[in-house]
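Both ligands and their constituent atoms are indexed starting at 1 by order of listing. FYI, the numbering just counts along the sequence from 1.
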Amino acid sequence: MFDGAFGDAPDAVVVDGVATSWEALAGRADALAERFAGAGTVAVSGTPTLDTVIAVVAGLRSGTVVVPVPADAGPMEREHILRDSGAALVVGLPDWPEVTLPRVAVPAGGAGPGWADVGDDAPALVMYTSGTTGLPKGAVIPRRAIAACLDGLADAWGWTPDDTLVHGLPLFHVHGLILGVLGALRSGSRLVHTGKPLPERYAAAGGSLYFAVPTVWSRVVADPASASALAGARLLVSGSAALPVPVFEQMRALTGHAPVERYGMTETLITISTRHDGERRPGFVGMPISGVDTRVRADDGSDVAHDGETIAGLQVRGSTMFEGYLNLPEKTAESMTDDGWFVTGDAATIGPDGFHRIVGRTSIDIIKSGGFKVGAGEVETALLSHGSVNECAVVGLPDADLGERIVAFVVGDGADPAALIDHVAGLLSVHKRPREIRLVDTLPRNAMGKVQKQVLRG
Ligand code: MCA
Ligand code: AMP
């Protein structure tokens, strides 16, 4: 998968200040993989460290499935992911007091057999993603999808071994891990992971290719000195949520670069992007990458005009698709149309020129906050497990920094907002906590008794 175009550069990969050559990384990965024998699936905490990168490379080289666990997950979310994925061991020594699985440390050096002969259809990763209700679902991502996506993006972005990729995104989602680590390894470009996605660290890294979510880009443009330091880059890429047009324009003004915007999902990987050699239009995500087809469909399944105006449900198919949700064949079937297209749940328009615009989600219960997808139902379940909460409803409200902020409307007995926020942060991932709790006497309901979330969103 990675043909090692790195030569022997001692700093081919740098994660939070720790540098390694590709040869040393691969050797440590192979030595680690020898400890995976018979494991089938292994879990790793997605902390932004070199050990996380080595663990994922070990899985790919040996054909062992890797489950990245959100670095900030609380015990409820962690237990679900470990149980559902069937992970047989944990790489490293994360502070997971309730977990009794065997632990395997990343070796300080070593070598091993190298690439195992594994078919392209074999699963590489299981990545957990939130739905409208219930616990996160494990998207099974085959090796072929990763290769197809990264090759499509290399074409769209002109990504070559001459690039240095810089970002500071979490290593437990597609953006930071598949694009941000495996993309660099597959293209043979240097990788600098900044540990945290702070504007001053982006500015100091001297890269040619930069990845960030819109929240990070809006923090970069709020720091003009850091933003102008990116003028020497080749390409600035935004994704995971809609890039506000004013942020796009400020990026262009401060860095001299119109950003490339791309769209994707955990289940489909990245499917649509503007190009390094094409138009970059504010508010638009461009065209399908090579190997991907898209279409828009009305609620009744009928085709709609590609007039740039008609908003309908976006569907995708092609070489970057996941295999299905682990242990959930019914949910997998529900996510597909009878003729084999994946229903994204996003509303979009397609123009006569083929340019796509993502207009929003079709469900009010999916929130995108800081680029993280959060299901309202999951947060509501966590809140209801607190003794002081009788009823609650969680919505995403517009937020200048996060895109949407998670707000919980709570009917309770002596509920303390700060305690409720900590309760959710402690059970789920910290990033799924409500940023605000509004104590109310009742929730607005329709004649059927269903909470009217549109009313709460105002
Ligand atoms: C705050 N903290 C707490 C609490 N409150 N800890 C415990 N309990 C609390 N109540 C701590 C946090 O752990 C963290 O610590 C620090 O305070 C700051 O946290 P927070 O305020 O949540 O951070 P933020 O400033 O809001 O984060 C913004 C961010 C983040 C950096 C932009 O949202 C982010 O990394 N977003 C990227 C999301 C992403 O990669 N999405 C891709 C998925 P400490 O600092 O020590 O950790 S989408 C995808 O993959 C698809 C395919 C796609 O299209 O890309
Ligand atoms: P996730 O399941 O965390 O991978 O999030 C996927 C979702 O992120 C998509 O269904 C979209 O709602 C959203 N998304 C990703 N990229 C973009 C983008 N460029 N513009 C708007 N929404 C996006």
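Ligand-side atoms of ligand 1 in range of T215: 32 (C), range being under 4.0 angstrom from any heavy atom. Residue contact check: A242 has heavy atoms under 4.0 Å from atoms 20 (N), 21 (C), 22 (N) of ligand 2. Close approach to T129 involves these atoms of ligand 2, each under 4.0 Å from a residue heavy atom: 2 (O). Atom numbering of ligand 2 starts at 1 in the shown order; those under 4.0 Å from a heavy atom of V285 are 19 (N). Near K373, meaning under 4.0 Å from any of its heavy atoms, are these atoms of ligand 2: 1 (P), 2 (O), 3 (O), 5 (O). Each of the atoms 16 (N), 18 (C), 19 (N) of ligand 2 lies under 4.0 Å from some heavy atom of R262. Short contacts between ligand 2 and R361, defined as distances under 4.0 Å to a heavy atom of the residue, involve ligand atoms 9 (C), 10 (O), 12 (O). Interface atoms of ligand 1 facing V174, defined by a heavy-atom separation under 4.0 Å, are 50 (O), 52 (C). Residue-ligand proximity, M265 to ligand 2, at heavy-atom distances under 4.0 Å covers atoms 4 (O), 6 (C), 9 (C), 10 (O). Close approach to A425 involves these atoms of ligand 1, each under 4.0 Å from a residue heavy atom: 8 (N), 9 (C), 10 (N).
Of the charged side-chain nitrogens involved, at least one lies within less than 4.0 Å of a carboxylate oxygen, so that D163 and R234 count as a salt-bridged pair.
Of the N or O atoms in G371, one or more lie within a sub-3.5 Å distance of an N or O in ligand 1. The N/O atoms of G370, backbone and side chain alike, include one that comes under 3.5 Å of an N/O atom in ligand 1.
Contacts with ligand 1 closer than 4.0 Å are made by side-chain heavy atoms of R433 only, the backbone lying farther away. When heavy-atom distances to ligand 1 are checked against a 4.0 Å cut-off, R405 has no atom that comes that close, whether in backbone or side chain.
A donor-acceptor contact under 3.5 angstrom links the side chains of S302 and D300, judged on distance only. Between the side chains of D51 and T49, not a single donor N or O lies within less than 3.5 Å of an accepting N or O. A donor-acceptor contact closer than 3.5 angstrom links the side chains of H386 and S388.
Residue D401 places no heavy atom under 4.0 Å from ligand 1. Contact annotation: P170 has at least one heavy atom less than 4.0 Å from an atom of ligand 1. Note on ligand 1: M127 sits outside its first shell, no heavy atom being nearer than 4.0 Å. Between H423 and ligand 1 there is no heavy-atom distance shorter than 4.0 Å. Residue contact check for ligand 1: T266 places a non-hydrogen atom closer than 4.0 Å to it. The shortest separation from a heavy atom of M265 to ligand 1 is under 4.0 Å, placing the residue in contact. Within the structure, ligand 1 has R219 among the residues with a heavy atom less than 4.0 angstrom away.
The cationic atom of K137 (NZ for Lys, CZ for Arg) lies less than 6.0 Å from the six-membered ring centre of Y325 and within 45° of the ring axis.
Atom 30 (C) of ligand 1 has its closest protein heavy atom at F372 CE1, 3.6 Å. Scanning all protein heavy atoms for the shortest distance to atom 3 (C) of ligand 1 gives V430 CG1, 3.5 Å. Looking only at protein heavy atoms, the nearest one to atom 54 (O) of ligand 1 is R262 NH1, 2.9 Å. In this structure, the protein non-hydrogen atom closest to atom 47 (O) of ligand 1 is K196 NZ, 4.3 Å. Scanning the protein heavy atoms around atom 42 (C) of ligand 1, the nearest turns out to be S240 OG, 3.5 Å. Distance from atom 10 (N) of ligand 1 to its nearest protein heavy atom, with residue and atom name: D422 OD1, 2.9 Å. Protein heavy atom closest to atom 48 (S) of ligand 1, with residue, atom name and distance, is K368 NZ, 3.4 Å. Nearest non-hydrogen protein atom to atom 50 (O) of ligand 1 is H175 N, 3.0 Å.
A donor-acceptor pair under 3.5 Å is formed between the side chain of H356 and the backbone N or O of G354.
The nearest non-hydrogen atom to atom 18 (C) of ligand 2, considering only A347, G345, A241, comes from A241.
Classified by interplanar angle (parallel below 30°, tilted 30° to 60°, perpendicular above 60°), the ring pair H431/F372 is parallel. Ring orientation note: the planes of F211 and W159 are nearly perpendicular, at an angle over 60° on the 30°/60° scale.
Counting protein heavy atoms under 4.0 angstrom from atom 52 (C) of ligand 1 gives one or more.
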